[in-house]
Amino acid sequence: MKSLLFLVLLCAGLAHAQPYPSKPIRLIVPFPPGNTMDIMSRLIGPKLAERLGQQIVVENRPGASGMLGLDLVAKAAPDGYTIGAGQGGNLTVLPHTSKNIPYDPLKDFAPIAVSTTNYLGLFANPGAPFKSVGEMVAYAKANPGRLTVATNGEGGFPHLAFEHFRALAGITYTHVPYKGSAAISSDLIGGQVHAAIDGITGLTPLVRAGKVRLLAVTNKTRVDLWPETPAAAEDVPGYESGGWFGYVAPAATPREIVMKLNDEINRAMKQPDVAEKLHAAGLIVVTETPEHDAGVIRADYAKYGKLVRDIGFKPQ
């Protein structure tokens, strides 16, 4: 009997001591396929799988501007086998713009890495009654409330970015929220909306194909990827909006697991074939520590809280 008990305890101890990871890892992307986080995660997934020796299962869980997927991550076991794709919108903007956010971004996650930063694009249907940001502003002023602008959700980062634009430009518009870039693209091409504000990544192929028009980038200045495209600030002085994308784990995930994931995600991001594709999509690769990620989340949480108050946005 003692021998049997010893064997049971020994097996349990060996199982517990198995090196991480010993089974597939779920990577929750809280947006539909084709979104920036989805593209980035599917680029690095095979690199992580090769290094870690386990499959990386990218799982799209869209809804509520990214809140549904992140809530799943927040409530998962803190063992490193469920991690999430987090970004400025669902970690630092939505807490100020949504009445019913189900997680605390400062307490419910263990930051792993900020992997890329970006700027947004202001896009238009080629048949829209304007061909530049200046003309769009003039149209909105001449037709109060008639300008229709698509974003990836009420109170999300792009929506708040356009609210900031609206305040500086002194215009009114009608907001048309969607669940993701694919749905925005479809209606923008079809002319159901005049314009959209979204990440560059998902709409780049449509811009290159001439199916949608890139009016401006929200970077402070023009960018080398789109040298002929103006910065929105050229028509609306003082306007700038940028974001970031990264990865988080449930709070209480062991430090050694967070550091292992940070190391491997950073390594994957630096691979030439990954970095080149991300650059071509308008993203800037970042390879920093979990502490850097935590600092970005705290700083942006405070920044967007102030912006929400300044523009008088009411939580939805």
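- Here the CG-CZ distance, from Leu68 to Arg61, works out to 9.5 Å after rounding to the nearest 0.5 Å.
- Linking ILVMFWY side-chain heavy atoms closer than 4.5 Å, directly or via other members, places Leu215 and Leu188 in two distinct hydrophobic clusters.
- Listed for the Asp38 side chain is a donor-acceptor partner under 3.5 Å among the backbone atoms of Gly34.
- No close placement of the His194 and Tyr173 rings is indicated, their centers lying 6.0 Å or farther apart.
- Put simply, the side chain of Ser98 never gets that close to the backbone of Pro95: no donor and acceptor are under 3.5 Å apart.
- Side-chain contact check for Asp300 and Trp244: at least one donor-acceptor pair (N or O, by modelled atom type) lies under 3.5 Å.
- Here Phe162 and His175 keep their ring centres 6.0 angstrom or further from each other.
- Panel note: side chain Gln271, backbone Asp273; no donor-acceptor pair is recorded below 3.5 Å.
- Relative ring orientation between Phe313 and His159 is described as perpendicular, the plane-to-plane angle rising above 60° on a 0-90° scale split at 30° and 60°.
- Side chain of His96 to main chain of Tyr301: a donor-acceptor pair is present (N/O by atom type, distance under 3.5 Å, no hydrogens or angles).
- Counting non-hydrogen atoms of other residues, nucleotides and ligands closer than 6.0 Å to NZ of Lys75 gives a total above 12.
- Here Ile265 contributes atom CD1 and Lys270 contributes atom NZ; the two are 13.0 Å apart, rounded to the nearest 0.5 Å.
- Between the side chains of Asp187 and Tyr178, at least one donor-acceptor pair of N or O atoms lies under 3.5 Å.
- The main-chain N or O of Lys179 is never found under 3.5 Å from a side-chain atom of Asn152 such that the two would form a donor-acceptor pair.
- Proximity of a side-chain donor or acceptor of Glu234 to a complementary backbone N or O of Ala231 within less than 3.5 Å is detected.
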Arg255/Glu291 under salt bridge (Lys or Arg N to Asp or Glu O under 4.0 Å): CA gap, chis, key distance, verdict: CA-CA 11 Å; Arg255 170 72 177 174; Glu291 287 72 29; 2.7 Å; yes
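- In terms of modelled atom types and a separation under 3.5 Å, the side chain of Arg309 and the main chain of Gly305 share a donor-acceptor contact.
- Leu214 CG to Leu206 CG: the interatomic distance, rounded to the nearest 0.5 Å, is 11.5 Å.
- For the pair Tyr247/Pro111, no side-chain contact is recorded, criterion being any heavy-atom separation below 4.5 Å from C-beta on.
- Proximity of a side-chain donor or acceptor of Thr204 to a complementary backbone N or O of Ile200 within less than 3.5 Å is detected.
- Here the side chain of Thr218 pairs a donor or acceptor atom with the backbone of Ser241 at under 3.5 angstrom.
- We find the CE-CG distance between Met40 and Leu27 to be 9.0 Å, quoted to the nearest 0.5 Å.
- The backbone N or O of Met67 lies less than 3.5 Å from no partner atom in the side chain of Asn90, so there is not a single donor-acceptor pair.
- Gln54 and Tyr81 are not linked by any side-chain donor-acceptor pair at a separation below 3.5 angstrom, with hydrogens and angles left out of the test.
- Rounding to the nearest 0.5 Å gives a distance of 6.5 Å between CG of Asp198 and OG1 of Thr36.
- Under the 4.5 Å side-chain criterion, counting only non-hydrogen atoms from C-beta, Ser115 is not in contact with Phe245.
- Placement of Leu283 and Val58 within a single hydrophobic cluster is found when ILVMFWY residues are connected by side-chain heavy-atom separations under 4.5 Å, directly or transitively.
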